[in-house]
Amino acid sequence: MKDSVTSLLLAGVGGQGVLLASDIICKVMMKAGFDVKKSEVHGMAQRGGCVTSHVRYGRKVYSPIAKEGDVNVLISFEKLETLRYLNFLKAGGRVIINEEEILPPSVNLGETAYPADAVDIVRHQFKDVLVVNALDLARKAGNIRAVSIVMLGALSKYLPEASPDDWKSVIGEEFSEKLVPANLKAFDLGRETA
Amino acid sequence: MHKQLMSGNEAIARGAFEHGVTFAAGYPGTPSTEIMEAFSRYKGVYAEWSPNEKVALEVAIGAALAGVKAMAVMKHVGVNVAADPLFTVSYTGTNGALVIITADDPSLHSSQNEQDNRNYAKFAKIPMLEPSDSQEAKTFIKIAMDISEKFDSPVFLRTTTRVSHSKSVVGLEEPAVSEDRRVIKFDPAKYVMVPAHARVRRVVVEKRMEQLKEWAETFPENRMEIQSTAVGIITAGMSYNYAKDVFPDYSYLKLGMVHPLPEKMIRTFASKVKELYVVEELDPFIEEQVHAMGIPVTGKKVFPYTSEFDPGVVEEGIKAHKRGRKSPPAIPSRPPNLCPGCPHRGLFYALGKTKAFVTGDIGCYTLSFMKPLQGLHTCICMGASIGMAHGMSKALGEKGKGKIVGVIGDSTFVHSGITPLLNMAYNKSDAVIIIADNRTTAMTGMQDHPATGTTLQGEKTKELDFAALAKVLGIESVRIVHPLNIKKTTAVLKEELEKEGPSVIVSRGPCIFLQRERLKSIKPFTVDIDVCTGCQLCLGLGCPAISWKKEEAGLVPRTGKKRKGFASIDKTLCVQCSLCFQVCRADAIKSAGGPS
Ligand SMILES: Cc1ncc(C[n+]2csc(CCOP(=O)(O)OP(=O)(O)O)c2C)c(N)n1
């Protein structure tokens, strides 16, 4: 097993399923035999604020959060949020962006504008950028709440340490029986886009 | 051994359960809340939300006196509230086991200050353990209980947000079978702290701290990891992980117990390394004591006093070089906001129109300080709104007539609003107090309290009646309004502000998270853009579901009048609270089935 620690950063807005997604990644990597730590800040997040979650795995992990400039993959559930955490990414790191836009209060009030060129700014700095219409794919999978699972599907393609079956078995355990098929479908659709 | 991913908080609850802890009392507060929630779900335990932290600690002291293993659970500022019993239970000792959990919040992720509660350990002469991850959290709660029993002392377990809310792998064990040690024991010399007895106990406390200091020298969770001796790092808690992450090869003195410190061990460690650092967040708590031992050490000279660390901060401090931090691009911030449909929004919209000065309190409603509502003008600590409103109103006299209002949440009122309200009646106040009663402790994630009618463990119970209580305390004018009715709320506010003497208004509307059933059949409101005049009145509500769409020199289609844009309602967010419908003067807001 490799010695180095892999660092992921998930970012989004309260209610998008960021915390559930990071829990699933941890369980998958635990199954794959890694030491795992994750960290997020709850609290005010529920009220529409930003939510981030660090996930780190490797042979032995000390810190549950990565230092700036050390993240391997940034998984952003909301377009604008990608920019807020871009400085955490390593040079040559990978970005997965859900193109959904959730307007912050100052944009709602017409005081500021939602950046139209968010994806361009990211592409200007990083080569490996994947843009996913996760809401659309979740709808296709039959559950619009499966956005986070679509994102995991896409992510899974870039984490060869775990097989699709590892992911699917954890997803199978995470949801009630009724919700499993749509979420597995969401995972597949996400994986296909990557 | 079964392994599971657990947060620090879940691990503390698990450790307590495994170790035969049967009793816990607490008051919610980020980042501590999930300890009580998780513990309360284990079989055979008693767990309660007390109305505040002082009561919680006193309840736990009583339980420990009766011989059980008990814990009192709170966030850092909760210890301020519980400080009075804290300082004296240190004298009496505990009979059974008593552990006080303080969850500190470096970086103020969801707190009003950044106090370092290690200082309480020293101040109150109580030993303190500090875990660095979930496995240690589970182990340390057990050790803390054992220390409490062995030394007949209350013990602190301190976490920080990163320990409480990070998840890591924990090995689960079967719960130990503990013997029933419950007793009723009379021992006035130990438990009646009149001066004559307390003077004697005062000496016992000093002796106990001496013994604990000695014990700390061989405590296995105070451990040296000697590797490269070029640099030695003394550290504890989460900072240990940050340092190990960036400097895996240096030597470490990792302290599981941060009070009292093992002086001999520190001297030995210092003698083994060339350069010595203390890596600790917030106050130079360890550093100052190492300095006082006459040992040269570097700490706050290179590390910040404020905010939590991360591996980068530790690296920068020791390598003394600045990383080229890229500043993120200027993008709109995303502060937390009152939810769509939140009853507090109606209250603060109406309150804003009165132009009163509003002394505020802590809870979701505090968020109304922001634009556009700007409805609340102070926030200091839980319960402060009422005392402050009274003080301002008294000081201003005629100048403040009809202009001073205090707003306090239901959970916060129960926590520490009753005594200051009694004071208002007693000292003939003239301010208006509003209890923003959304039927839950919303900010910390929907906990029950004495006015919700349900206990932490889900039993039905007595439900405090705010209006009746206010009357009994001596407030003659008590009104109840539904804050989603703006007209009515505005009228009641006006009447109460004009009255002589103190008034209480109970603004009663359930939190949106308590309305699951209603939310299943929402008919969202829509904006008729042929009619919207672009006046922006609805935007004044600050509802996340309403946004402004700019338009190039447009005209209102229906009337031909000029407008710069129009409002729009996100139908996935609207929960049909109707506030926007009530404020719209152009009749442009319609419910899906016509105006509701
Ligand atoms: C002494 C203390 N204990 C706990 C907290 C954490 N805390 C902040 S607000 C709050 C309660 C809010 O409930 P409520 O007053 O009902 O208002 P709501 O959020 O429901 O609007 C709590 C427990 C604190 N800030 N200070």
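The sequence lines fix the lettering, A, B, ..., with proteins before strands; numbering per chain opens at 1.
- Note: A:M30 CE to B:Q4 CD = 7.5 Å, rounded to the nearest 0.5 Å.
- At least one side-chain heavy atom of A:I65 sits less than 4.5 Å from a side-chain heavy atom of B:Y242.
- At most 12 non-hydrogen atoms from other residues, nucleotides or ligands lie less than 6.0 angstrom from CZ of A:R145.
- For A:I102, the parts lying near chain B are the backbone and the side chain together; criterion is any non-hydrogen pair under 4.5 Å.
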Going through the checks in order, is the salt bridge (Lys or Arg N to Asp or Glu O under 4.0 Å) test met by B:K3 and A:D35? CA-CA 11 Å; B:K3 294 206 160 171; A:D35 185 22; over 6 Å; no
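- Of the residues considered (A:V107, A:L80, A:D70, A:V61), A:L80 shows the highest number of contacts with chain B, using heavy-atom pairs under 4.5 Å.
- By the 4.5 Å heavy-atom criterion applied to side chains, B:P372 and A:L109 are counted as neighbours.
- Note that CG of B:L539 and CG of A:N108 are 8.0 Å apart. Values are rounded to the nearest 0.5 Å.
- Around CD of A:E177, the count of heavy atoms belonging to other residues, nucleotides or ligands within 6.0 Å does not exceed 12.
- By the 4.5 Å heavy-atom criterion applied to side chains, A:S63 and B:K244 are not counted as neighbours.
- Ranked by heavy-atom pairs under 4.5 Å with chain A, the first of B:S168, B:G565, B:P332 is B:P332.
- Within 6.0 Å of the NZ atom in A:K185, the count of heavy atoms belonging to other residues, nucleotides or ligands does not exceed 12.
- The heavy-atom pair separating A:R84 from B:S333 by the smallest distance is NH1-CA, 3.7 Å.
- Going from atom CD of A:E68 over to atom CD of B:E315 covers 12.0 Å, rounded to the nearest 0.5 Å.
- Residues B:D245 and A:R56 are in side-chain contact: their nearest non-hydrogen atoms beyond the backbone lie under 4.5 Å apart.
- Atom CD of A:E81 sits about 4.0 Å away from atom CZ of B:R334, to the nearest 0.5 Å.
- Proximity to chain A (any heavy atom under 4.5 Å) is restricted, for B:M238, to the side chain, taken from C-beta onward.
- Heavy-atom contacts from other residues, nucleotides or ligands closer than 6.0 Å to NZ of A:K60 number more than 12.
- Between B:K167 and A:K37, the closest side-chain pair of non-hydrogen atoms is not below 4.5 Å.
- Within 6.0 Å of CG on B:L514 lie more than 12 heavy atoms contributed by other residues, nucleotides or ligands.
- Summarising the geometry of A:V36 relative to B:L5, their closest heavy-atom pair is O-CD1, 4.4 Å, with the distance given to 0.1 Å.
- If you take CG on B:D570 and CG on A:L103, they are separated by 8.0 Å, rounding to the nearest 0.5 Å.
- Atoms OG1 and CD1, from A:T82 and B:I331 in turn, are 8.5 Å apart once rounded to the nearest 0.5 Å.
- Proximity of B:R162 to A:S39: side-chain heavy atoms (C-beta onward) are separated by under 4.5 Å at one or more points.
- Ranked by heavy-atom pairs under 4.5 Å with chain B, the first of A:A113, A:A118, A:P64, A:S22 is A:P64.
- Using a 4.5 Å cut-off between heavy atoms, B:V314 makes no contact with chain A at all.
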